[in-house]
Amino acid sequence: MTAPPRSGAAADPRPGRPRRRRVRPGARVRRGAPLPLLVPALIGLAFLVLPLVALLIRAPWASMPELLTSTEVWQALRLSLICATAATVVSMVIGVPLAWLLARVEFPGRGLVRALVTLPLVLPPVVGGVALLMALGRNGVVGQWLDSWFGITLPFTTTGVILAEAFVAMPFLVISVEGTLRAADPRYEEAATTLGASRFTAFRRVTLPLIAPGIAAGAVLAWARALGEFGATITFAGNFPGRTQTMPLAVYLALQSDPEAAIALSLVLLAVSVAVLAGLRDRWMTTS
């Protein structure tokens, strides 16, 4: 005689077949990675990490304080921080309303407008600098009128650096804020308007607090992108120490004459990038 099944255990209705292991809902099934995927994954990881490790290995740690306290480095660092912050402010002032327009308003050609807004993400920065020259240079489409009417010259000035950085950095802010707006419930805005608030008041008092995390994340990304901008800056604003020479331009110039100083400056930018990722880890990264 066979023993009856224990209490709480269900008898297998198909004798002779092994029981299937039940997985609790939400439980993670851990499996080993197949070799055809593991090998290229490790190669890709090494390809991305090895240059950064090499930068740390070859860094002149003994002379690092002397290199980072030179007048040229502090001028470039100060100018980079000021211009990146100003470019981020410009991006927020005009980028947040643009993101709201793309997310909340239906109008013909919205897809085309969104494509044009994101174009600087894939446009070579040097091409962006040339485009800014054609638009805002002394002989540009708009720049010639600024020069003749108001005496305003933008290329090869600190203001030109800010504009070049804002041009390449603002799409990061717009994309982040637009995604946050699409995820936010528009019924809160509609409820505010039905209670008598204007569209702008509803945006200021209701929408902005809801999308504040998205604005903060987009602003950090825009600031980091502006801090590392090179191509559009050197094309539109030039490379004048104390006026338009930012940290990336200083790295490029130092690489030709003083590689150790170039490595030291690169480490500063690397540290800023790591700090940005650390600040955004709660938004985009999950722990295992």
Side-chain angles (χ1 to χ4, degrees), residues 28 30-81 83-85 87-88 120-126 128 164-165 168-169 171-173 175-176 216-234 239 241 245-288:
R28 293 185 178 181
R30 299 184 180 273
R31 300 186 179 93
L35 191 62
L37 295 179
L38 181 62
V39 172
L42 293 178
I43 293 175
L45 179 62
F47 174 72
L48 296 175
V49 174
L50 182 60
L52 304 180
V53 174
L55 189 65
L56 295 174
I57 293 175
R58 293 298 181 89
W61 297 107
S63 58
M64 188 75 70
E66 180 182 355
L67 292 172
L68 294 181
T69 54
S70 63
T71 305
E72 295 79 6
V73 171
W74 278 107
Q75 281 183 348
L77 180 59
R78 176 177 173 273
L79 185 64
S80 294
L81 295 176
C83 291
T85 303
T88 303
L121 292 176
V122 297
L123 193 70
V126 175
E165 292 180 351
V168 299
F172 289 89
L173 176 76
I175 290 176
S176 178
V220 172
L221 281 177
W223 185 84
R225 179 65 183 89
L227 187 69
E229 170 52 32
F230 175 83
T233 301
I234 197 172
N239 186 17
Q245 187 182 88
T246 57
M247 286 287 285
L249 303 184
V251 171
Y252 176 76
L253 188 64
L255 190 60
Q256 303 176 16
S257 58
D258 191 357
E260 289 190 350
I263 295 174
L265 294 173
S266 300
L267 286 176
V268 174
L269 293 178
L270 177 63
V272 172
S273 302
V274 172
V276 170
L277 289 179
L280 294 176
R281 70 182 186 276
D282 292 335
R283 178 173 177 84
W284 287 336
M285 301 180 185
T286 57
T287 56
S288 58

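Computed from a prediction, not measured in an experiment: that's the story for all the values here. Just so it is clear, the values below take in all heavy atoms, side chains as well, and ignore hydrogens, waters and symmetry mates. Residues take their numbers from the sequence shown, with the count starting at 1.
- Of all the heavy atoms in Thr88 and Ala219, the pair that sits closest is CG2-O, 3.6 Å.
- For the atom pair CD of Gln75 and OG of Ser80, the computed distance is 11.5 Å after rounding to the nearest 0.5 Å.
- For the residue pair Pro51 and Ala46, the shortest heavy atom distance occurs at CD-O, 4.2 Å.
- Using a 4.5 Å heavy-atom cutoff, the side chains of Leu79 and Met247 are not in contact.
- Separating the CG atom in Asp258 from the CD1 atom in Ile263 is a distance of 9.0 Å, to the nearest 0.5 Å.
- Contact of the Met64 side chain with the Leu267 side chain is registered, since non-hydrogen atoms from C-beta on lie closer than 4.5 Å.
- In this structure, the side chains of Tyr252 and Leu265 stay at 4.5 Å or more apart for every pair of heavy atoms.
- Side-chain N or O atoms of Glu165 include one that pairs as donor or acceptor with a backbone N or O of Ala84 at under 3.5 Å.
- Counting all heavy atoms, side chain and backbone alike, Ala262 lies closest to Ala254 at N-CB, 3.8 Å.
- The minimum heavy-atom distance between Ala222 and Leu173, with the atom names listed, is CB-CB, 4.4 Å.
- For the pair Phe172 and Leu121, the minimum side-chain heavy-atom distance is below 4.5 Å.
- Looking only at side-chain heavy atoms (C-beta outward), Leu55 and Ser266 come within less than 4.5 Å of each other.
- Remark: the backbone N or O of Leu56 is paired with a side-chain donor or acceptor of Trp61 at under 3.5 angstrom.
- Looking at Asn239 and Thr233, their side chains never come closer than 4.5 Å, going by heavy atoms from C-beta outward.
- For the atom pair Leu227 CG and Thr85 OG1, the distance stands at 8.5 Å (nearest 0.5 Å).
- Across all non-hydrogen atoms, the minimal contact from Glu229 to Pro125 is OE2-CB, 3.7 Å.
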